[in-house]
Amino acid sequence: MQLAGLTQQITEIARQAGAFIRQERLSFSSEHIEYKDVNNLVSYVDKEAEKLIVEALHTLLPEAGFITEEGTIGQNADRTGLNWIIDPLDGTANFIHNLPVFSVSIGLADGKTPIAGAVYDINRDECYHAYTGGGAWCLRNGAVDERIAVSPATRLNESMIATGFPYSSMDRIERYLAILASLMKRTHGLRRMGSAAIDLAYVACGRFEAYYEFNLNSWDMAAGVLLVREAGGIVTDFNGGDEFLFRGDVLAGCAMQPELLAVIEEYWNNEGTLPIL
Ligand code: 2AM
Ligand code: CA
């Protein structure tokens, strides 16, 4: 498989889907909102964008299976072999509220290892892309392709950290809040952007030093974790291992990642000892 050429095509498909989403936003209104759950939103835009992406990718690599947020096509339940892992619109709640932080995320994974992918930051026209061994890149305005790298920061106390608030399962909320409180006191600040794929892309290009979230879906992170790794960063689960893609807890960062991991491990694995302040 020629990953370099494949990644160029993934980048183009992500940009095309993003152009569709950007266009639809112009005429989008609240009557288009559908509810998968009380705070889990979707619309025809997510579904149409996914169709467009799935059709293009299927032609590109017919042997690969699919794991997608909107379930356009049969899903590969056993998750082995090659799979396209797709979130056609990451940051749907932002899209619906016209908050300009939403993206397209397309990853190709071999088992639990992402090997190629792109995240398209639709409103900035920045398409982040990478394949294993090829470095991480950002294509701006469809014209300038620049190699990107994680931040040179080495300490938590010189870091800006992104996270995602829990929105469906609240069963680990106290641990999450304990970590948040601890980090508030020892970082440059915390941000909740609302698109995991953008958070990861921004770690890859050095805007954030790190990003962590629990309970994510594989399509939120498949492309983004590869971007961070190819940009020289470290990605682990909350135990320092590599079981993040299909388990959902992920921590990605630059050289200070181990220091952040130590804070997360302290609270995450210690039920009953959660001093919030
Ligand atoms: P989505 O927009 O594709 O669903 C960040 O926390 C991640 O959680 C986002 O990538 C977002 O992906 C997902 N998410 C799903 N529902 C959400 C909600 N109600 N609020 C915030 N994020 C949500
Ligand atoms: Ca989505």
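In this chain, residues are counted from 1 in sequence order. Order of listing sets the numbers, starting from 1, for every ligand and every atom in it. What you see below is based on every heavy atom in this structure, not just the backbone, and it leaves out hydrogens, waters and symmetry mates.
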Q. Which of parallel (below 30°), tilted (30 to 60°) and perpendicular (above 60°) describes Tyr202 and Phe208?
A. tilted

Q: Any atoms of ligand 1 less than 4.0 Å from a non-hydrogen atom of Gly194? List them with their elements.
A: 9 (C)

Q: Answer side chain, backbone, both or neither: which part of Lys36 comes under 4.0 Å from ligand 1, heavy atoms only.
A: neither

Q) Who passes salt bridge (Lys or Arg N to Asp or Glu O under 4.0 Å) against Glu213, sequence neighbours left out? A) none

Q. With the threshold set at 4.0 Å, does a side-chain nitrogen-carboxylate oxygen contact exist between Glu265 and Arg175?
A. no

Q. Which option, Glu69, Glu213, Met221, Glu70, owns the non-hydrogen atom nearest atom 5 (C) of ligand 1?
A. Glu213

Q.
Looking only at N, O or S atoms in Glu69, which is nearest to the Ca ion (ligand 2)?
A. OE1

Q) Taking both backbone and side-chain atoms of Asp90, is any N or O found less than 3.5 Å from an N or O belonging to ligand 1? A) yes

Q: Give a yes or no on this: more than 12 heavy atoms of other residues, nucleotides or ligands lie within 6.0 Å of atom CZ of Arg247.
A: no

Q | Proximal atoms of ligand 1 relative to Thr92 (non-hydrogen, under 4.0 Å) | A | 2 (O)

Q. To the nearest 0.5 Å, how far apart are CG in Leu251 and OG1 in Thr236?
A. 4.5 Å

Q | For Ala196, atoms of ligand 1 separated by under 4.0 Å from a heavy atom | A | 9 (C), 10 (O)

Q. Among protein heavy atoms, which lies nearest atom 22 (N) of ligand 1, and at what distance?
A. Arg192 NH2, 3.5 Å

(Q) Run the salt bridge (Lys or Arg N to Asp or Glu O under 4.0 Å) test against Arg15 and tell me which residues pass, sequence neighbours left out. (A) Asp125

Q) Salt bridge between Arg140 and Glu126, side-chain N to carboxylate O under 4.0 Å? A) yes

(Q) Give the atom numbers and elements of ligand 1 that come within less than 4.0 Å of a heavy atom of Asp87. (A) 3 (O)

Q | Validation row: Tyr44, Phe28 side chains within 4.5 angstrom (heavy atoms) | A | yes

Q. Of all the atoms in ligand 1, which lie at a distance below 4.0 Å from a heavy atom belonging to Leu89?
A. 3 (O)

**Q.** Nitrogen or oxygen atoms of Gly164 and ligand 1 under 3.5 Å apart
**A.** no

Q: Number the atoms of ligand 1 from 1 as they appear, then name those within less than 4.0 Å of a heavy atom of Gly91, with their elements.
A: 1 (P), 2 (O), 3 (O), 12 (O)

Q: Measure up the Trp268 and Phe238 rings against each other and bin them: parallel (under 30°), tilted (30 to 60°), perpendicular (over 60°).
A: perpendicular

Q) Does Leu89 bring an N, O or S atom to within less than 3.0 Å of the Ca ion (ligand 2)? A) yes

Q) Of all the N, O or S atoms in Asp87, which one sits nearest to the Ca ion (ligand 2)? A) OD1

(Q) Under 6.0 Å from the ring centre and within 45 degrees of the ring axis: does the NZ or CZ of Arg25 meet both conditions for the six-membered ring of Phe95? (A) yes

**Q.** Nearest protein heavy atom with distance in Å, relative to atom 19 (N) of ligand 1
**A.** Asn39 O, 2.5 Å

Q.
Give me the residue, atom name and distance of the protein heavy atom closest to atom 16 (N) of ligand 1.
A. Tyr167 CE1, 3.1 Å

